[in-house]
Amino acid sequence: MLACFLLVAGQAGAQFRIETNAQNGSEVTVDENGAKSWISHFNTTQAVSTATPNGDGTYTLDKKSFRNRNGYQANVYGRTVADDADSLISNGNRYNMPRYNSGANIMHFASLAALDSMLMGEVANGSTSVLTTNPSTGLFDVAEGDAAFGVSPGKYKKVELAFYLRLGGYEVAEDITFDILTYDAGTNLGGATASYELSVYLGSDGGDAAATVADYYVTGSGVKNVSLAAATGLNVSDFTNQNIYVYLKTTGSGTAIADDVRDPMIVIDNIAAKLVPPIWVAPDVAENQIGNNESAPLTGFSGVETTMEIPIKTTGRWGELKIVDNLYFNGQGFDTFKPLTFLESGALMANDGSGNYTVPVEYTLKPAVQDPGTGKWSKQEIVVSAPADKTDDDMMFYFKVTPRVASSNSARIELDMGTRIWYDIFYAGVNKELIFVRTNNNNWDSTVVAGIKDHGGYNVTEVFQTVVTEDQLPLFNAADIVIMGRSLGS
């Protein structure tokens, strides 16, 4: 039986999420230094599925399933006729987990016998998509309140169990661990066992494995506590900021495929890791939370596009740093309105060591594009490449925005470098200080002043006189604009 088991870090799609999720059976604890201890023990709160005979040849099936938010998979391969090549063998809906990012539903069973009863009930009730001899995936109770992930191979031999962690941006502080155990010794095997190969892939599950260990686990040998780096000869540091794929493979027991023969079944349990996440110093916002500067909005002249800035500071960054425009205005999503403009150059400047932000930071800009038909904008994005080694950032992020007249508004950005946060940038328009020097009360002066006030964006101070004296110069110098009336004496 081929069992393949996959730990992955850093890909899109479903992966083992570093979160507490009772239904999926995972927990996270955070110590005083911010390090995360994560475990997936599979002890789901989802009730078990049952099949109850009705006495007339049919069954009442109570299927208890939930959507798999964790990145595991189970694939079984075999030949449907003698001349076929090995192909993927599947069963009916909710019995398959073909790919860790498929988001399929998974059921919880109290035992292998409970699964068998469910399959018999499906067939008795007339299902044409479910076979009792085909493979079936699920969470299976090892003891009451203690479940594990596995697949019953049915009559077939080659099985792949797979899962992955997304560890992009994380420093792995201790070896990744998990358990392997034999859940069922098999049926009509004459004492035959199956031997498993352990392989680890880094980055992706294509190409060559980073490490392979033959005959790593033999069914019937009890619970095996695996320390991944120690078992494969890799270093724990090899897992930092990585996608990590781990496979357990076997070619099966060597017995013939027959309807009354079932190979041994293994399950995996208690996948655990201790991770040190990067920290946001500025904006000072906790992971997965939304911060803001509402109490001290940035300011610019009303109606004038203005370059503004916010500090970007991190500690312990390993991965890429991304700044994404969420296209949120005043807390609401508006993809037809784009208040922020990310700069093609000079958007990020690093501290030069003396407190001045004068050192350009290299980045890639994905500019916003507006659909001419719908008027909707795409999300603009800035990406700073992953450093060669762990780094602390001290930068200033510059962007352009046009404040409204005498109002405070906000635009939301997403910041992610392994730890993701959101930040609502509040900005307010301020009026320009304008002095209008009137020489008299003629209509021309009155019309100009009225027009300025109606236009808005200006605080207008009117001065009535024919001569500007020296003691008035400080007043004029403090203004943004000074307009002289029709004529002025010396």
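Taking the side chain as every heavy atom from C-beta outward, Val28 and Ile18 approach each other to under 4.5 Å. Side-chain contact between Asn326 and Lys379 is present, with at least one heavy-atom pair separated by less than 4.5 Å. Using a 4.5 Å heavy-atom threshold, the side chains of Gln23 and Arg67 count as separate. Looking only at side-chain heavy atoms (C-beta outward), Lys158 and Asp86 come within less than 4.5 Å of each other. In this structure the side chain of Tyr423 reaches within 4.5 angstrom of the side chain of Ile310, judged on heavy atoms. A 4.5 Å side-chain heavy-atom check between Thr314 and Leu321 finds at least one atom pair inside the cut-off. Side-chain contact between Arg404 and Tyr427 is absent, with no heavy-atom pair separated by less than 4.5 Å. Thr419 is not listed as a side-chain neighbour of Tyr170, based on a closest heavy-atom distance of 4.5 Å or more.
Remark: Arg94 CZ to Asn105 CG distance equals 6.5 Å, nearest 0.5 Å. To the nearest 0.5 Å, the span separating OG on Ser378 from CG on Asp371 amounts to 9.5 Å. Interatomic distance, OH of Tyr196 versus OG1 of Thr182, reported as 7.0 Å (0.5 Å rounding). Expressed to the nearest 0.5 Å, how far CG of Asn96 lies from OG1 of Thr137 amounts to 6.5 Å. To the nearest 0.5 angstrom, Glu287 atom CD is 9.0 Å from Asp416 atom CG. If you take CG on Asn24 and CD1 on Ile106, they are separated by 9.0 Å, rounding to the nearest 0.5 Å.
Without hydrogens or angle criteria, Asp325 side chain to Leu327 main chain gives a donor-acceptor distance under 3.5 Å. Under a 3.5 Å cut-off, the side chain of Asp179 and the backbone N or O of Asn270 do not form any donor-acceptor pair. In this structure a side-chain-to-backbone donor-acceptor pair under 3.5 Å is missing from Ser152 to Ser136. Remark: side-chain polar atoms of Thr232 are paired, donor with acceptor, to backbone N or O of Leu228 under 3.5 angstrom. Panel note: side chain Ser199, backbone Ala209; no donor-acceptor pair is recorded below 3.5 Å. For Asn351 (side chain) and Gly355 (main-chain N/O), a donor-acceptor pair under 3.5 Å exists by modelled atom type. A donor-acceptor pair under 3.5 Å is formed between the side chain of Asp352 and the backbone N or O of Ser354. Between the side chain of His108 and the backbone N or O of Gln46 there is at least one donor-acceptor pair closer than 3.5 Å. Distance alone, capped at 3.5 Å, places no donor-acceptor pair between the Asp205 side chain and the Tyr201 backbone. The backbone N or O of Phe109 sits nowhere less than 3.5 Å from a side-chain atom of Ser49 that would complete a donor-acceptor pair.
Phe397 and Phe342 have perpendicular rings, their planes meeting at more than 60° on a 0 to 90° scale where under 30° would count as parallel. Between Phe329 and Phe334, the ring-plane angle classifies as perpendicular under the 30° and 60° cut-offs.
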Between Arg420 and Glu414, is the salt bridge (charged side-chain N to carboxylate O under 4.0 Å, His left out) condition met? List the steps. CA-CA 7 Å; Arg420 185 169 59 168; Glu414 175 185 331; 3.6 Å; yes
Assess the residue pair Ile413 and Trp422 against the criterion (side chain to side chain contact (heavy atoms under 4.5 Å, CB included)); give the C-alpha distance rounded to whole Å, side-chain angles, the decisive distance to 0.1 Å, and a yes or no. CA-CA 6 Å; Ile413 58 173; Trp422 290 265; over 6 Å; no
Going through the checks in order, is the salt bridge (charged side-chain N to carboxylate O under 4.0 Å, His left out) test met by Arg317 and Asp393? CA-CA 8 Å; Arg317 178 169 73 91; Asp393 296 297; 2.5 Å; yes
Checking Val48 against Lys64 for the side chain to side chain contact (heavy atoms under 4.5 Å, CB included) test, could you report, in this order, the C-alpha distance in whole Å, the side-chain angles of both residues, the deciding distance, and whether it holds? CA-CA 6 Å; Val48 295; Lys64 301 293 187 182; over 6 Å; no
The test is side chain to side chain contact (heavy atoms under 4.5 Å, CB included); show your working for Thr307 and Phe399 and say whether it passes. CA-CA 6 Å; Thr307 300; Phe399 53 91; over 6 Å; no
Side chain to side chain contact (heavy atoms under 4.5 Å, CB included) between Thr240 and Trp318: does it pass, once the steps are laid out? CA-CA 8 Å; Thr240 288; Trp318 287 91; 3.6 Å; yes
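Electrostatic pairing of Arg412 and Asp424 counts as a salt bridge here, judged by a charged N lying under 4.0 Å from a carboxylate O. Here Lys36 does not pair with Glu27 in a salt bridge; the nearest charged N to carboxylate O distance is not below 4.0 Å.
Closest approach of Val401 to Pro339, counting heavy atoms only: CG2-O, 3.4 Å. Contact record, Ala231 with Val226: CB-CG1, 4.3 Å, taken as the closest heavy-atom pair. Closest approach of Ser410 to Gly331, counting heavy atoms only: OG-N, 3.9 Å. Pro387 and Gly319 get closest at one heavy-atom pair: CD-O, 3.6 Å. Between Ala173 and Val276, the closest heavy-atom pair is CB-CG2, 4.0 Å. Nearest heavy atoms, Thr306 versus Val304: OG1-O, 2.8 Å.
Ring to ring, Phe140 and Tyr183 are close: their centroids are under 6.0 angstrom apart.
Within a 6.0 Å sphere centred on NZ of Lys376, other residues, nucleotides and ligands contribute 12 heavy atoms or fewer. Counting non-hydrogen atoms of neighbouring residues, nucleotides and ligands closer than 6.0 angstrom, the NZ atom of Lys224 exceeds 12 such neighbours. The environment of Asp208 atom CG is sparse: at most 12 non-hydrogen atoms of other residues, nucleotides or ligands sit within 6.0 angstrom.
By the 6.0 Å and 45° rule, Lys249 does not stack over the aromatic ring of Tyr216.
Looking only at atom types and distance, the side chain of Asp146 has no donor-acceptor partner in the side chain of His41 under 3.5 Å away.
With Leu365 as the partner, the side-chain contact (heavy atoms from CB on, under 4.5 Å) test is satisfied by one option alone out of Ile323, Ile382, Leu343: Ile382.
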